[in-house]
Amino acid sequence: MLAAGAGRRMGRPKALVDDWLPRAVRALRDGGCARLTVVIGAAADEVRPLVPPDAAVVVADDWADGMGASLRAGLAALPGGSPGVLLHLVDLPDVGAAVVRRVLGAWAGPTTLARAAYGPPGSAEPGHPVLLGAAHVAGVRASAVGDRGARGYLADRDVRLVDCADLATGRDVDRR
């Protein structure tokens with residue numbers, strides 16, 4: 001889970017907003033993720049105690065460079081032999097375990113590329129979480145720059161959209 005940003009428009013790091021970080025961790029755990037890693041950066045000393053002890057913590061020292069830096073740090077910390085990774089963001093407070101479970105259900109092996117989609121049929125927008133098979137991890141890591149994260153990599157590939165509109169809005173919250 002990426003939770004490293006300063007949340008400038010929010011006025012504070014989103015990992016410190018309400019119960020967003022514990023809620024996102026619960027969604028991942030209850031949704032079926034075997035291992036949890038939380039990438040932190042801004043206000044790391046305040047955020048770290050909010051991360052459950054059974055989740056790994058990665059500090060993205062260059063977090064101020066944007067989401068790409070956090071994504072690279074998280075992917076670099078993947079244990080060798082990981083079959084893939086589910087990427088999630090801390091600022092999606094209405095995305096719960098049911099969404100995570102549904103996206104994980106799209107798993108089809110190391111070439112998997114899938115992501116949640118929200119909105120009416122025919123005009124659904126891609127969102128998070130994003131499921132990457134191991135075959136895509138190096139490519140996503142190499143392309144993650146600025147605030148774009150994996151967007152450029154995913155735009156050039158056939159990504160399975162998993163309809164989650166009945167479960168959440170998938171909107172990231174930037175302002176109070």
Side-chain angles (χ1 to χ4, degrees), residues 1-8 10 13-17 20-93 95-97 99-100 103-104 106-107 110-116 126-155 157 159 170 172-174:
M1 177 180 50
L2 304 182
R8 286 178 190 90
M10 182 65 74
K14 294 179 186 177
L16 297 174
V17 173
W20 288 5
L21 190 141
R23 182 187 315 187
V25 166
R26 247 186 338 272
L28 292 168
R29 183 180 292 120
D30 294 350
C33 292
R35 275 178 286 185
L36 302 174
T37 299
V38 179
V39 181
I40 64 175
D45 291 339
E46 293 175 64
V47 174
R48 187 182 301 268
L50 301 176
V51 179
D54 63 333
V57 174
V58 172
V59 178
D61 293 323
D62 55 350
W63 63 267
D65 292 344
M67 186 190 309
S70 302
L71 179 55
R72 286 191 312 274
L75 293 176
L78 279 175
S82 291
V85 62
L86 182 88
L87 305 172
H88 189 45
L89 308 176
V90 73
D91 62 352
L92 306 172
V95 173
V99 171
V100 171
V103 174
L104 285 175
W107 180 254
T111 61
T112 299
L113 273 178
R115 68 188 308 179
H128 287 84
V130 175
L131 183 61
L132 303 174
H136 299 286
V137 170
V140 167
R141 187 172 170 212
S143 71
V145 295
D147 273 330
R148 296 181 54 86
R151 187 180 311 151
Y153 184 90
L154 296 173
R157 284 161 182 79
V159 179
D172 66 341
V173 180
D174 287 331

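Values reported hereafter were calculated over all heavy atoms of this structure, with side chains retained and with hydrogens, waters and symmetry mates removed. These numbers come from a predicted model, not from an experiment.
M67 and L89 get closest at one heavy-atom pair: SD-CD2, 4.2 Å. Taking every heavy atom of both residues into account, S70 and A60 meet most closely at CA-CB, 4.0 Å. Closest non-hydrogen pair, V38 versus A55, comes out as CG2-CB, 4.5 Å. Shortest non-hydrogen contact noted between G170 and L92 is O-CD2, 3.5 Å. P129 and V99 make their closest contact through CD-CG1, 3.6 Å (heavy atoms, listed as atom of the first residue, atom of the second, distance). In terms of heavy atoms, W63 sits closest to A6 at CZ3-CB, 3.5 Å.
How far CG of D91 is from NE2 of H88: 9.0 Å, rounded to the nearest 0.5 Å. We find the OH-CG distance between Y153 and L113 to be 6.0 Å, quoted to the nearest 0.5 Å. In this structure, I40 CD1 and L21 CG are separated by 9.0 Å, a value rounded to the nearest 0.5 Å. Atom CZ of R35 and atom CG of L78 lie 8.0 Å apart (nearest 0.5 Å). Taking CG of L87 as the reference point, atom CG of L132 lies at 4.5 Å (rounded to 0.5 Å).
Partners of D45 under the salt bridge (Lys or Arg N to Asp or Glu O under 4.0 Å) rule, at least two apart in sequence or in another chain, do not exist in this structure.
Between the side chain of K14 and the backbone N or O of W20 there is no donor-acceptor pair closer than 3.5 Å. For H136 (side chain) and T111 (main-chain N/O), a donor-acceptor pair under 3.5 Å exists by modelled atom type. Between the R115 side chain and the V159 main chain, no donor and acceptor come within less than 3.5 Å of each other.
Counting heavy atoms from C-beta on, the side chains of V39 and L71 never come closer than 4.5 Å.
More than 12 heavy atoms of other residues, nucleotides or ligands lie within 6.0 Å of CZ in R157, so this atom counts as buried by the packing criterion.
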